[in-house]
Amino acid sequence: MIAFVSGPVAALAPTTAIIQVGGVGMAVQCTPATVAGLRIGEEARLATSLVVREDSLTLYGFADDDERQVFELLQTASGVGPRLAQAMLGVHSPDALRLAVSTGDEKALTAVPGIGKKGAQKLLLELKDKLGSPLGSSGLVGAQRVASGPAPWTEQLAAALIGLGYASREAEEAVGAVTPQAEAALAETGTAPVPQLLRAALQTLNRAR
């Protein structure tokens, strides 16, 4: 198993990062929030999980080991493959998922694209004794890294939402909805925390359904 990859970031897409490792570019599938914390040319370390299929080898990357562990635990539930598990982590942090499962929060799970009401009910039952209790702020460090760089936060956020399967129009509306929050953060710290804004935008889109 490839436990992690470390090296300069060679390229980025909404849900993919290319990490240069020993002269080889490793394509790593990541959540938009994880990609938002990376910068081309800068060193990065991603915890990884290798998914082997008959016709493919896919490397999934995470901000920290806790995300990877939850990713693997989610797949022990029937009907949850790596793509859906990563989509769940794209919408919720590991602790948010633990909290949702421990409290039976069906609505939190249906906020994930691809999970309906019946699917959420089934997942709550199957994951109840697997994820454990929330760890606290330590489990959120990687997911809440502040993103800054040449690309405006609006473009990063829109690209992340489109990468999760939302239409351009929906992405634009969600960006508009979280603009006051972003402007407040910019005024206070000088940066817009894209991972946090992404979660706020997803909540807005879920309410609009």
Side-chain angles (χ1 to χ4, degrees), residues 1 3-4 14-15 28-37 46-53 58-145 157 160-161 163-166 170 174 177-178 181 193-209:
M1 175 183 174
F4 69 90
T15 57
V28 187
Q29 302 300 307
C30 305
T31 66
T34 297
V35 171
L46 297 174
T48 56
S49 179
L50 181 64
V51 175
V52 180
R53 296 287 185 265
T58 306
L59 197 61
Y60 290 86
F62 310 92
D64 54 40
D65 293 333
D66 187 41
E67 278 193 4
R68 178 185 61 197
Q69 182 181 16
V70 171
F71 170 79
E72 293 172 348
L73 286 172
L74 290 172
Q75 291 177 75
T76 63
S78 59
V80 178
R83 289 185 181 276
L84 182 55
Q86 192 169 59
M88 294 171 74
L89 285 166
V91 176
H92 299 296
S93 68
D95 261 9
L97 283 172
R98 291 188 182 100
L99 183 62
V101 171
S102 64
T103 59
D105 189 350
E106 182 182 305
K107 186 176 181 180
L109 294 188
T110 57
V112 179
I115 298 181
K117 184 174 182 179
K118 290 185 177 179
Q121 292 172 344
K122 185 178 180 182
L123 285 172
L124 288 173
L125 287 173
E126 292 196 32
L127 295 172
K128 186 176 181 180
D129 299 320
K130 294 181 179 180
L131 294 187
S133 302
L135 301 179
S137 59
S138 61
L140 304 177
V141 171
Q144 293 183 346
R145 287 177 300 176
L157 184 56
L161 291 167
L164 283 172
Y166 290 97
E170 292 178 308
V178 301
Q181 180 179 337
V194 174
Q196 295 175 32
L197 293 171
L198 174 61
R199 292 197 171 92
L202 287 166
Q203 291 174 358
T204 300
L205 288 165
N206 187 49
R207 287 195 297 268
R209 287 181 178 178

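Residues take their numbers from the sequence shown, with the count starting at 1. What's counted below: heavy atoms across the whole structure, side chains too, no hydrogens, waters or symmetry copies.
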Search all heavy atoms of Leu97 against all heavy atoms of His92 and return the closest pair with its distance.
-> CG-CB, 3.7 Å
Would you say Arg68's side chain and Phe4's backbone share a donor-acceptor pair under 3.5 angstrom?
-> no
Would you name the heavy atoms of Val28 and Tyr60 that are closest together and state the gap between them?
-> CG1-C, 3.7 Å
Any idea which heavy atoms bring Ala77 and Leu123 closest together, and the distance?
-> CB-CD2, 3.8 Å
Is there side-chain contact between Arg53 and Thr58, with at least one heavy-atom pair below 4.5 Å?
-> no
State, to 0.1 Å, how close Val70 and Pro94 come at their nearest heavy-atom pair, and which atoms those are.
-> CG2-CB, 3.8 Å
So do the side chains of Leu99 and Asp105 get within less than 4.5 Å of each other, counting heavy atoms only?
-> no
For the pair Glu67 (side chain) and Leu89 (backbone), establish whether a donor and an acceptor sit closer than 3.5 Å, ignoring hydrogens and angles.
-> no
Looking only at heavy atoms, which two atoms of Leu198 and Gly90 are closest? And how far apart?
-> CD2-O, 4.1 Å
For the side chain of Thr76 and the backbone of Glu72, is there at least one donor-acceptor N/O pair under 3.5 Å apart?
-> no
Do Ser102 and Leu131 come close enough that some side-chain heavy atom pair is under 4.5 Å?
-> no
Value for CD (Gln181) from OG1 (Thr204), rounded to nearest 0.5 Å, stands at 8.5 Å
Results of side-chain hydrogen bond (donor to acceptor under 3.5 Å, both in side chains) for Gln121 - residues two or more places apart only | Glu106
Taking all heavy atoms of Ala63 and all of Thr34, pick out the closest pair and write down the distance.
-> N-OG1, 3.9 Å
Heavy-atom neighbours of Lys130 NZ exceed 12 at 6.0 Å | yes
Could you walk me through whether Gln69 and Leu73 pass side-chain contact (heavy atoms from CB on, under 4.5 Å), step by step?
-> CA-CA 6 Å; Gln69 182 181 16; Leu73 286 172; 4.1 Å; yes
Is there a side-chain contact (heavy atoms from CB on, under 4.5 Å) between Gln86 and Leu74 once you walk through the steps?
-> CA-CA 9 Å; Gln86 192 169 59; Leu74 290 172; over 6 Å; no
Any side-chain heavy atom of Thr15 sitting closer than 4.5 Å to one from Cys30?
-> no
Interatomic distance, OG1@Thr110 vs CD1@Ile115, rounded to 0.5 Å, equals 8.5 Å
How long is the gap from OG1 on Thr48 to CZ on Phe62, to the nearest 0.5 Å?
-> 8.0 Å
Kindly compute the distance separating OG (Ser78) from NZ (Lys122), expressed to the nearest 0.5 Å.
-> 3.5 Å
